Amino acid sequence: MSFPLLTATAALPAIGAIATAAVPAAQRTAAKWLALIVSLGTLVLAGIVFARFEPGGDRYQLTESHAWIKDFGVRYELGVDGIGVALLALTALLIPFVILAGWHDADPLETKSSRWRPTQGFFALILMVEAMVILSFEATDVFLFYILFEAMLIPMYFLIGGFGDRAHTGSDENAATQRSYAAVKFLLYNLAGGLIMLAAVIGLYVVAGSFSLSEIAEARADGSLEMASSTERWLFLGFFFAFAVKAPLWPLHTWLPNAMGEATTPVAVLITAVVDKVGTFAMLRFCLQLFPEASKWATPVILVLALISIIYGALLAVGQRDIKRLIAYASISHFGFIVLGIFAMTSQGQSGATLYMVNHGLSTAALMLVAGFLITRRGSRLIADYGGVQKVAPVLAGTFLIGGLATLSLPGLAPFVSEFLVLVGAFSAYPVVGIIATVGIVLAALYVLVLYQRTMTGPVTEAVRNMPDLRVRELAVALPLIALLIFLGVFPKPLTDVVNPAVQHTMHDVQKKDPQPEVEAAK
């Protein structure tokens, strides 16, 4: 038997989570180092997976398949395509930065009304989320994916509700109330989506007699499995609803600003840069592959929802007074671009959407983590409490600016390539949709530059006069992310080579071809 590389990539952080949680209570520093070493080991394994993946090879590679629940036809089936391997690499890459950035976020805080913060539990939960997300990108059994899709809510609930942002502007009691509200709202929204998806998963098994993604796809291709249009549409809606909540897509987005605002900064990055990508990834892997006709049937409505997400999220970001909530609403706008690229049903759009998932993860992580360093120094998330930071902490201001410019998709930085491809794909298939979507670019420039102007420029306020610049640990977080944003902005080929063949498979699933440009004959 060949070495189960995909299983090992998910098993290492899962085992590391158990080991980290078992570290004695007094050994907090040992728990942190153990979590960091495990995350780096996972990154090495993910790098091996990425290196061994052959873009021109089989659609799903490094596959593993074992019987799990025989009576119900459930199997432990894993495999990665180009889209899955790119997101797996993103997840493994970001977790070490999340751990480094949150190095002191769960240290005990001794105040009259606050509870002791279990450091070991904080880092163990992060590793457990990493294991589940990685495995969800690898799962090719629908039931296995569903289990992971729901199970990751448990550690995320405790990370949001048990480890809140210490920069809360209200009282400790109010902070605990807001934190609990955000955690419960996150859980209820995602559980509701998951329960609807469960009904669709059961319906799929009744119709197809299998949970295996490859078996169902083969049966549909050779004509041995036929679904009535109404059945396929209902099943598609069940899956899509759950993924739209996770993504999040308007109007199912309202849990995200609360969760990101009340969580610690590293956990906020975990939510939007890692966990939420499972929703958009699943739209490509399951919605389009399992229900191609229903996907085309629903495209007009989904494109409208994506446009609303783009404009609505950007407009609310412009009006925010809270730094973290501004980044949360900006992410809603960016997820609208991702969904737009997926359902434009063009190769450029879907390649752009996949790259957008990766590049949004990098840019949001850079911006949010540096913003977290800023918030920790001042003790406030309110934009009005800052001013003139670039004069006292120029490195912090510079990295914040680059993260912000990446968020608005400045040419030369990685998100520009993604957004350009999404818009090209949208314009070629739906010109009006593409035109409206470009409004989001203008609004992005507005909220990012206004945020930078109000916090970093102008006279130095008394509260930031003695603010220190980035320290060594914080530089170890910010600088590699900035370097990656620049590298992938100038040379995206390593990602496009992996992603494009997978996109062609998806285009074949939905039986769509790129629109051909209309060229007038020469007279």
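Since the model is a prediction, treat every value here as computed from it, not as a measurement.
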field: Stepwise side chain to side chain contact (heavy atoms under 4.5 Å, CB included) test for R59 and Q289
entry: CA-CA 12 Å; R59 180 172 189 173; Q289 187 171 348; 3.4 Å; yes
field: CA sep, side-chain torsions, deciding dist, call: S331, T272, side chain to side chain donor-acceptor pair (under 3.5 Å)
entry: CA-CA 7 Å; S331 290; T272 190; 3.2 Å; yes
- request: Step by step, work out the side chain to side chain contact (heavy atoms under 4.5 Å, CB included) result for V85 and F137.
  value: CA-CA 8 Å; V85 79; F137 291 141; over 6 Å; no
Side chain to side chain donor-acceptor pair (under 3.5 Å) assessment of S214 paired with S212: CA-CA 6 Å; S214 57; S212 172; 3.1 Å; yes
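When side chains are defined from C-beta on, H360 counts as touching F335, because their heavy atoms get closer than 4.5 Å. Under the 4.5 Å side-chain criterion, counting only non-hydrogen atoms from C-beta, V201 is in contact with F239. Inter-residue side-chain proximity for M227 and F291 is flagged as met; some heavy-atom pair is nearer than 4.5 Å. Two residues are said to be in side-chain contact when any heavy atoms from C-beta on lie closer than 4.5 Å; I134 and E138 meet this criterion. In this structure the side chain of L135 reaches within 4.5 angstrom of the side chain of Y76, judged on heavy atoms. Counting heavy atoms from C-beta outward, L94 and L362 have side chains that approach closer than 4.5 Å. A heavy-atom distance below 4.5 Å is found between the side chains of Y60 and T63. Side-chain contact between S309 and H334 is absent, with no heavy atoms from C-beta onward closer than 4.5 Å.
F240 and F236 have parallel rings, their planes meeting at less than 30° on a 0 to 90° scale where 60° marks the start of perpendicular. Ring geometry, F186 versus W255: the interplanar angle exceeds 60°, so the pair is classed perpendicular (tilted spans 30 to 60°). Ring geometry for F143 against F211 counts as tilted: the plane angle lies between 30° and 60°, on a 0 to 90° scale.
Here M368 contributes atom CE and I327 contributes atom CD1; the two are 4.0 Å apart, rounded to the nearest 0.5 Å. Taking CZ from R179 and CD1 from I160, the interatomic distance works out to 11.5 Å, rounded to the nearest 0.5 Å. To the nearest 0.5 Å, the span separating OG on S295 from CE on M283 amounts to 10.5 Å. In this structure, the separation between CG on L307 and OH on Y312 is 15.5 Å, given to the nearest 0.5 Å.
For the residue pair E419/Y356, the side-chain donor-acceptor check at 3.5 Å is satisfied. With no hydrogens or angles considered, no side-chain donor-acceptor pair links S428 and Q348 at under 3.5 Å.
Pairing each heavy atom of N258 with each of K185, the nearest pair is OD1-NZ, 3.2 Å. Considering every non-hydrogen atom in both S351 and V499, the closest pair reads CA-CG1, 4.2 Å. L144 and R75 make their closest contact through CB-O, 4.3 Å (heavy atoms, listed as atom of the first residue, atom of the second, distance).
In W234, the CH2 atom is not crowded: 12 or fewer heavy atoms of neighbouring residues, nucleotides or ligands sit closer than 6.0 Å. No more than 12 heavy atoms of other residues, nucleotides or ligands sit less than 6.0 Å from atom CZ of F158.
The one candidate from D81, T506, T140 that meets the side chain to side chain donor-acceptor pair (under 3.5 Å) condition with R285 is D81.
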